[in-house]
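Step one of this worksheet: look at the structure below.
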Amino acid sequence: MKTLKIAIQKSGRLNEKSVEILKNCGLSFENYKSSLISTVTNFPLEILFLRDDDIPEYVQDGIADLGIVGENVIVESGSEVTYLQKLGFGKCTLKIAIPNESHITEIAQLEGKAIATSYPVILEKYLKDNHVNAEVRTISGSVEIGPGLGLSDAICDIVSTGGTLKSNGLKPFSEVMKSEAILIGKEGSELLPEVQELLQRIRSVLRAKETKYVVLNVAKSNLKKVVDLLPGVKSPTVVPLFDEDWVAVHSVIAEHDFWEKINSLKAAGAQGIVVMPIEKIIA
């Protein structure tokens, strides 16, 4: 089997979640906090720990077969890579922010203004698409101090909670793009059997995170009403109870669907509802 190489962030907001999802896939590896490379002992895979800005290029050039990196970094780099799977973590938004005292209310009012950013490629495209001619000033790090130092009239930066903007007297103004962690590969990597197996593991973990295992008790007279609300993967499992007039219903359901149906289940006669996490779902 081919030994794959996957590049992930060495430090930063995506590091822990990237390590977590790989470990949840049953991969065994150590020294990921002190080494630039770690070998998985139970799967043909080596993990490279890199700066996130370098990951798309490493994958594009074939130094790494796969990578986990924010979509904003991929777009900014312009690297030619294949999106294999959105991973559901590292969600954030690239936004234009302006000082609290600013009277700008429309994108057009950025005309002729200076905007500081670490994402000039993305910002310039956004401004062009909106027919705005503004001066893009590239700053590496601490972009939010630009307006306070008189370097810019606005900034364009990643926003997660908005706390950093608030502490620097800024307010979000316009959304440029949404981003989350993406599993990427070099062109054609998805055809490798090792990549297909790893993708299957990752997708099984992701499906499990979005799904819950539900067990409840219901009188047989109300069973059909409950079953109609809980279709399960194919159909619910119904188990007899000691009281022959009652049964236990076992079902797998998307978490958001469950919360939408909880009141209907109770109204249909469901009792003793237990909701449990699922570790893996194999298609």
Side-chain angles (χ1 to χ4, degrees), residues 1-74 76-77 79-92 118 140-141 158 160-161 179-213 255 276-283:
M1 295 181 73
K2 172 184 170 62
T3 297
L4 302 175
K5 290 182 172 62
I6 183 169
I8 70 173
Q9 191 182 58
K10 178 172 176 55
S11 61
R13 62 191 184 90
L14 298 187
N15 172 265
E16 286 189 11
K17 288 293 185 180
S18 297
V19 169
E20 178 183 304
I21 197 168
L22 293 177
K23 285 189 171 289
N24 285 342
C25 287
L27 304 180
S28 179
F29 55 94
E30 297 178 353
N31 301 324
Y32 60 89
K33 291 186 177 179
S34 59
S35 175
L36 295 178
I37 185 168
S38 185
T39 299
V40 175
T41 58
N42 58 349
F43 190 84
L45 181 70
E46 291 181 338
I47 304 170
L48 311 180
F49 297 89
L50 307 174
R51 290 190 329 120
D52 55 357
D53 291 348
D54 294 332
I55 293 174
E57 185 177 350
Y58 269 60
V59 174
Q60 173 187 267
D61 295 344
I63 299 170
D65 302 283
L66 304 168
I68 296 177
V69 69
E71 186 173 8
N72 57 301
V73 177
I74 303 166
E76 182 65 25
S77 73
S79 299
E80 296 181 4
V81 296
T82 300
Y83 285 29
L84 298 177
Q85 181 65 51
K86 291 188 175 183
L87 299 174
F89 62 83
K91 291 185 177 181
C92 59
S118 298
S140 298
I158 290 295
S160 295
T161 64
S179 178
E180 67 178 277
I182 307 280
L183 177 69
I184 59 173
K186 67 180 181 180
E187 186 176 353
S189 62
E190 69 276 12
L191 302 177
L192 296 172
E194 296 83 4
V195 172
Q196 292 177 5
E197 181 175 342
L198 184 58
L199 260 176
Q200 181 187 43
R201 294 192 187 195
I202 289 174
R203 287 167 178 165
S204 296
V205 170
L206 294 176
R207 279 194 295 270
K209 285 188 174 182
E210 298 170 355
T211 310
K212 298 299 179 185
Y213 190 89
E255 184 169 15
M276 295 174 283
I278 298 174
E279 185 174 336
K280 308 281 189 304
I281 294 182
I282 310 300

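Everything numeric here is computed off the predicted structure, so don't read it as measured data.
S189 contributes atom OG, which lies 9.0 Å from atom CG of L4 (distance to the nearest 0.5 angstrom). Atom CD1 in I202 sits 6.0 Å away from atom CD1 in I68 (nearest 0.5 Å).
With sequence neighbours excluded, the residues forming a salt bridge (Lys or Arg N to Asp or Glu O under 4.0 Å) with E197 are R201, listed by chain and number. Residues passing the salt bridge (Lys or Arg N to Asp or Glu O under 4.0 Å) test with D53 are R51, sequence neighbours excluded. Remark: Y213 pairs with H250 by the ring-ring contact (aromatic ring centres under 6.0 Å, His included) rule, at least two apart or across chains. By the side-chain contact (heavy atoms from CB on, under 4.5 Å) test, E20 pairs with K17, N24, K209, sequence neighbours left out. Partners of R13 by salt bridge (Lys or Arg N to Asp or Glu O under 4.0 Å), not counting sequence neighbours: none found. Residues meeting the side-chain contact (heavy atoms from CB on, under 4.5 Å) test with T39, sequence neighbours left out: E46.
E190 CD: more than 12 foreign heavy atoms inside a 6.0 Å radius.
Between I8 and L14, the closest side-chain pair of non-hydrogen atoms is not below 4.5 Å. Looking at L198 and L27, their side chains come closer than 4.5 Å, going by heavy atoms from C-beta outward. Contact check for L45 versus F29: no side-chain heavy atoms found under the 4.5 Å cut-off. The shortest side-chain heavy-atom distance between K5 and I63 does not fall under the 4.5 Å cut-off.
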List, one per line, each side-chain donor-acceptor pair under 3.5 Å for residues 79-92, sequence neighbours excluded.
unit_1 : atom_1 : unit_2 : atom_2 : d
S79    : OG     : S77    : OG     : 3.0
Q85    : OE1    : R203   : NE     : 2.7

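Every pair passing side chain to side chain donor-acceptor pair (under 3.5 Å) that includes a residue from residues 64-74 is listed here, sequence neighbours excluded: N72-Y119, N72-S179.
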